[in-house]
Amino acid sequence: MGSGPEGASDEALLDTIEKWLERDVRPHVLKLDHADEYPFEMVEQMKELGLFGATIAPEHGGLGLSATTYAKIVEKISETWMSLSGIFNSHLIMAACVERNGTAEQKAYYLPKFASGEIRGGLALTEPNAGTDLQAIRTRAVRSGNGYVINGTKTWISNGIHGTCFALLVKTDPDASPRHKGMSCFVAEKGPGFSVSKKFEKLGYKGIDSAELVFEDYQISGEQLLGGHEGRGMQAVLGGLELGRINVAARGCGIASAALKDAVRYSQVRQTFSKPICEHQAIQLKLGEMATRLQAARLLTYDAARAYDRKERCDMEAGMAKYFASEAAVENAMESMRIHGGYGYSKEYHVERYLRDAPLMCIGEGTNEIQRIIIAKQLIERNPA
């Protein structure tokens with residue numbers, strides 16, 4: 001695949017994905033979402049499209065897409081059903097951790113299997129008492145012979161039930177100072193001692209499995225230590241989270257776009273006082289704000305993606321994009337519901353789903369509160385007095 005955002009092969013892929021969404025996804029979204037049913041058939045179709053290897057390098061069997069093209073794909077899919085983008089997002093963050101930080105043996109074994117979707121999984125970071133403050137995790141890996149024994153609990157893990165492999169963040173030295181030097185990452189496959197304790201019931205983001213993972217005397221080989229070195233886990237996962245935040249920003253754009261398109265369409269067919277409601281100034285004001293909000297979110301998202309593609313540090317750009325685009329999704333979803341009136345509150349329409357899905361983007365991959373702090377700290381660091 002071409003790596004440029006305007007590459008002919010990338011445009012062809014986007015066109016193929018758009019046709020797949022219209023033919024095989026859109027007709028089934030309401031049923032799957034309302035039943036909170038895992039989309040097994042769509043996952044197989046995503047394997048065929050190569051989405052589980054979207055950002056993995058071609059030498060490892062992936063498509064080698066730029067983050068810019070990836071963001072466009074995520075937006076397009078999220079515009080139809082956001083849950084699907086979550087199934088490969090966490091997976092690709094795990095893959096990015098291995099591709100950037102893994103040993104030659106880890107890359108050779110895992111990346112081709114990740115790219116094909118033969119092995120799928122995600123990122124196991126969050127714990128019941130550690131989300132935003134990842135350095136407070138308690139899951140512990142203790143040396144045992146040539147390997148480690150791991151005990152602890154991870155929560156809100158995407159792909160936790162149907163995934164089989166996870167980039168697992170643990171404490172190898174809980175007394176280290178600074179704390180991050182005592183954190184390591186393992187490429188952990190399910191097996192004895194590694195179980196799923198429960199699936200979370202959620203307001204939105206249906207279909208995808210969000211679960212709690214429990215490690216009880218889980219034995220893992222030292223060969224599974226990412227990069228072969230202790231104490232480098234925090235840096236490995238933070239690099240992957242930049243791509244994750246670009247994904248979340250693109251998801252926000254997708255929801256904001258879907259909410260706007262539905263509102264524009266409905267406002268032209270719904271009439272009050274003998275004319276379409278799109279001719280009422282109150283509705284025009286809403287549509288104008290929604291369209292501008294969406295375009296601003298897109299530009300911020302593409303700006304962050306281009307910085308990622310240039311291999312520049314982009315936590316500030318990704319934070320800005322994630323913060324603004326997720327808030328745009330919430331605001332556009334609410335405005336679209338208001339424009340639809342009573343129908344916007346009905347489960348017969350997609351609008352109420354946008355309003356249920358959008359708030360997750362303000363929480364996932366780092367809350368919007370922490371994004372603003374990251375932005376401010378980077379702003380000061382880049383502009384010393």
Heavy-atom neighbours of Arg232 CZ exceed 12 at 6.0 Å =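 Not buried by this count: 12 neighbours or fewer within 6.0 Å.
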Using links of under 4.5 Å between side-chain heavy atoms of ILVMFWY residues, direct or through other members, which residues join Phe215 in one cluster?
->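 Reading the cluster by chain and number, Phe215 sits alongside Tyr148, Ile150, Ile157, Ile161, Phe166, Leu168, Val170, Phe186, Phe194, Val196, Leu213, Tyr218, Ile220, Leu225.
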When you group the ILVMFWY residues by side-chain heavy-atom contacts below 4.5 Å and let the links chain together, are [Y] and [X] in the same group?
X	Y	value
Trp20	Met82	yes
Ile119	Ile87	yes
Leu226	Leu123	no

Check: Phe40 ring centre within less than 6.0 Å of His162 ring centre =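 Between His162 and Phe40, which both carry aromatic rings, the centre distance is below 6.0 Å.
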Looking only at heavy atoms, which two atoms of Glu348 and Leu30 are closest? And how far apart?
->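 Smallest heavy-atom distance, with atoms named: O-CD1, 3.8 Å.
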Taking all heavy atoms of Ile137 and all of Ala130, pick out the closest pair and write down the distance.
->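 Scanning both residues completely, I find the closest heavy atoms to be N-CB, 3.8 Å.
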Regarding [X] and [Y], is there a side-chain donor-to-acceptor distance under 3.5 Å anywhere?
X	Y	value
Glu127	Thr153	no
Asp309	Thr68	yes
Ser184	Glu230	no

Compare all side-chain heavy atoms of [X] with those of [Y] and state whether any distance is below 4.5 angstrom.
X	Y	result
Ser336	His340	yes
Ile17	Ile77	yes
Pro39	Leu84	yes
Asp357	Ile255	yes
Arg313	Tyr308	no
Val269	Pro276	no

Should Glu242 and Arg245 count as an ion pair when the cut-off is N to O under 4.0 Å?
->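 Not counted as a salt bridge, because no side-chain N and carboxylate O are separated by less than 4.0 Å.
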Under a 4.0 Å N-O cut-off, is there an ion pair linking Lys275 with Glu279?
->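 Salt bridge between Lys275 and Glu279, a charged N being under 4.0 Å from a carboxylate O: no.
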Under 3.5 Å, side chain of [X] to main-chain N/O of [Y], donor-acceptor pair present?
X	Y	value
Gln224	Val187	yes
Glu48	Gln45	no
Ser326	Tyr323	yes
Lys76	Leu21	no

Could you walk me through whether Arg179 and Asp173 pass the salt bridge (Lys or Arg N to Asp or Glu O under 4.0 Å) check?
-> CA-CA 8 Å; Arg179 292 182 296 170; Asp173 180 2; over 6 Å; no
With a distance cut-off below 6.0 Å to the six-membered ring centre and an angular limit of 45° from the axis, does Lys113 pair with Tyr109 as a cation-pi contact?
->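 The answer is yes; both the distance and angle limits are met.
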Row check, Phe114 ring normal vs Arg120 NZ/CZ: under 6.0 Å, within 45° =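 No - Arg120 does not lie over the ring of Phe114 by the 6.0 Å and 45° rule.
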Side chain to side chain donor-acceptor pair (under 3.5 Å) between Asn159 and Ser90, intermediate numbers included = CA-CA 8 Å; Asn159 299 324; Ser90 296; 4.7 Å; no
Which is it for Arg251 and Asn247 under the side chain to side chain donor-acceptor pair (under 3.5 Å) test, yes or no, and what are the steps along the way?
-> CA-CA 6 Å; Arg251 285 195 228 178; Asn247 172 290; 2.7 Å; yes
Going through the distances and angles, do Glu189 and Tyr110 end up as a side chain to side chain donor-acceptor pair (under 3.5 Å)?
-> CA-CA 11 Å; Glu189 296 190 58; Tyr110 281 107; 2.7 Å; yes
Assess whether side chain to side chain donor-acceptor pair (under 3.5 Å) is satisfied between Asn151 and Glu216, documenting all intermediate values.
-> CA-CA 5 Å; Asn151 284 280; Glu216 295 178 298; over 6 Å; no
Step by step, would you call Lys286 with Glu289 a salt bridge (Lys or Arg N to Asp or Glu O under 4.0 Å)?
-> CA-CA 5 Å; Lys286 289 182 184 295; Glu289 288 176 355; over 6 Å; no
Can Glu352 and Arg356 be said to form a salt bridge (Lys or Arg N to Asp or Glu O under 4.0 Å), step by step?
-> CA-CA 6 Å; Glu352 61 86 28; Arg356 287 187 288 107; 2.8 Å; yes
